[in-house]
Undergrad: 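After the structure tokens below, expect a handful of questions from me.
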Amino acid sequence: MKTKTLLAASGLLAPTHALLRFGCSQLTVQRLDPLVNPGQSPSPHLHQIIGGNSFNVSMDHNGGHDLVKGSTCTSCQFTEDFSNYWTAVMFFRARNGTFKRVPQIAQTGMEGTNGGMVVYYMSDALFDTAQKSKVTAFKPGFRMLVGDPAYSTRDQARDWRQLTYTCMESQASRAPESIGFPKTPCKGGIMANHRFPTCWDGVNLDSPNHRDHVAYPEVGTFESGGRCPSTHPVRLPQILLETVWDTRQFNNKADWPEDGSQPFVWSSGDATGFANHADYVFGWKDDSLQKAMDAHTYVSAPMLKTQTIAQQNKCTVRDMVNEKFDGWLQKIPGVERLVF
Ligand SMILES: *[C@@H]1O[C@H](CO)[C@@H](O)[C@H](O)[C@H]1NC(C)=O
Ligand SMILES: *[C@@H]1O[C@H](CO)[C@@H](O)[C@H](O)[C@H]1NC(C)=O
């Protein structure tokens with residue numbers, strides 16, 4: 001992890017591996033989940049969403065939903081990327097039992113971006129500097145889910161090798177990573193890291209649980225060069241989402257629970273952190289992602305078009321749920337009880 005940290009944070013050193021890294025501002029925050037709960041408004045819990053503005057209550061590929069044709073803008077830096085990416089929303093639970101949504105902040109070098117996330121697409125194994133390995137970009141209609149909002153134990157969370165948190169000392173912090181929520185105040189905020197599976201069955205764009213058509217490498221990880229299992233032989237780019245939750249205004253321990261436990265809760269009601277999850281619906285224009293992956297460039301990608309942060313911030317979708325989730329709340333929308 002450390003090697004990646006320094007390279008990614010500086011962006012100056014000679015490339016030793018290939019990846020795209022770009023910022024996306026907040027497209028919207030709503031209680032919708034067109035992957036797991038299509039057509040359901042509101043969905044069980046609140047999400048924060050980035051990407052193309054074709055995002056909607058339903059996004060049925062077979063029903064004709066086309067993220068590229070249906071979008072007129074994207075909140076991402078690369079204007080060929082109309083994909084949607086989303087995670088749960090983090091809340092602070094004060095000692096008096098009320099909740100407040102934790103804001104998201106842009107990373108260093110992307111100041112001015114309205115919330116959102118940083119997205120990586122990696123094409124090469126991180127420590128295999130000699131090899132330029134091939135990855136196959138996702139196909140139109142492809143979608144997947146990583147993590148499980150119903151999980152609440154460390155043992156369950158082992159199913160997801162690389163869903164983690166970093167208790168940030170500063171903006172450059174990337175290590176150590178934990179599987180549950182950090183237990184002490186984090187000076188620079190909490191980064192949530194979502195690494196999606198990188199092996200595909202080569203056939204199905206989706207599966208009933210949105211997970212079975214993809215898998216992790218047989219051993220190790222994508223970054224350690226792990227081989228894909230024979231059931232899922234097609235090597236995909238490694239998608240990594242980094243979300244920085246700006247917890248700094250909530251670091252006063254006098255506002256934390258009296259038993260000293262950590263006060264952050266996912267919008268699903270999970271106070272353990274083990275319910276960490278993220279969703280992806282592919283929506284790159286034509287073969288732009290494949291071309292960018294094949295070029296083995298580092299961070300930037302001259303073959304892709306970029307837009308300014310001001311333009312990214314302008315791309316939003318209208319509120320379709322009409323629900324209040326800012327200010328101090330008596331309860332998190334849709335959540336009847338918390339899971340500790
Ligand atoms: C979302 O879906 C509704 C219902 O199908 C449709 O009327 C609306 O135009 C869609 N919005 C966007 C931005 O595509
Ligand atoms: C609950 O605690 C928060 C944080 O200390 C405070 O800002 C808020 O006003 C309190 N709300 C009530 C109803 O006491």
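From a predicted model like this one, the values you see are computed outputs, not experimental measurements. One-based numbering, in listed order, for ligands and for the atoms of each. When a residue number appears, it is its place in the shown sequence, counting from 1. Heavy atoms only: backbone and side chains are in, while hydrogens, waters and symmetry mates are out.
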Undergrad: Can you report which non-hydrogen protein atom sits closest to atom 1 (C) of ligand 2, along with the distance?
TA: Asn96 ND2, 1.4 Å
Undergrad: Under 4.0 Å from a heavy atom of Trp328: give me the atoms of ligand 2 that qualify, with their elements.
TA: 3 (C), 4 (C), 7 (O)
Undergrad: Relative to the heavy atoms of Thr98, which atoms of ligand 2 are at a distance of less than 4.0 Å?
TA: 1 (C)
Undergrad: Are Trp284 and Tyr121 linked by a side-chain donor-acceptor pair shorter than 3.5 Å?
TA: yes
Undergrad: Out of Asn53, Val317, Asn56, whose heavy atom sits nearest atom 12 (C) of ligand 1?
TA: Asn56
Undergrad: Any protein heavy atom at under 4.0 Å, with atom 9 (O) of ligand 2 as the reference point?
TA: no
Undergrad: How about Ser54 and Asp66: does a side-chain donor come under 3.5 Å of a side-chain acceptor?
TA: no
Undergrad: So, Asp155 and Tyr151: side-chain donor and acceptor under 3.5 Å apart, yes or no?
TA: no
Undergrad: State yes or no: are the ring centers of His210 and His277 separated by less than 6.0 Å?
TA: no
Undergrad: Show which atoms of ligand 2 fall inside a sub-4.0 Å distance from at least one heavy-atom site of Asp255.
TA: 5 (O)
Undergrad: Decide, yes or no, whether a salt bridge links Lys100 with Asp326 under the criterion of side-chain N to carboxylate O below 4.0 Å.
TA: no
Undergrad: For ligand 2, which atoms sit closer than 4.0 Å to a heavy atom of Ala94?
TA: 2 (O)
Undergrad: Under a 3.5 Å threshold, yes or no: a donor from one side chain and an acceptor from the other, between Ser43 and Gln40?
TA: no
Undergrad: Would you say atom 5 (O) of ligand 1 touches the protein, meaning some protein heavy atom is under 4.0 Å from it?
TA: no
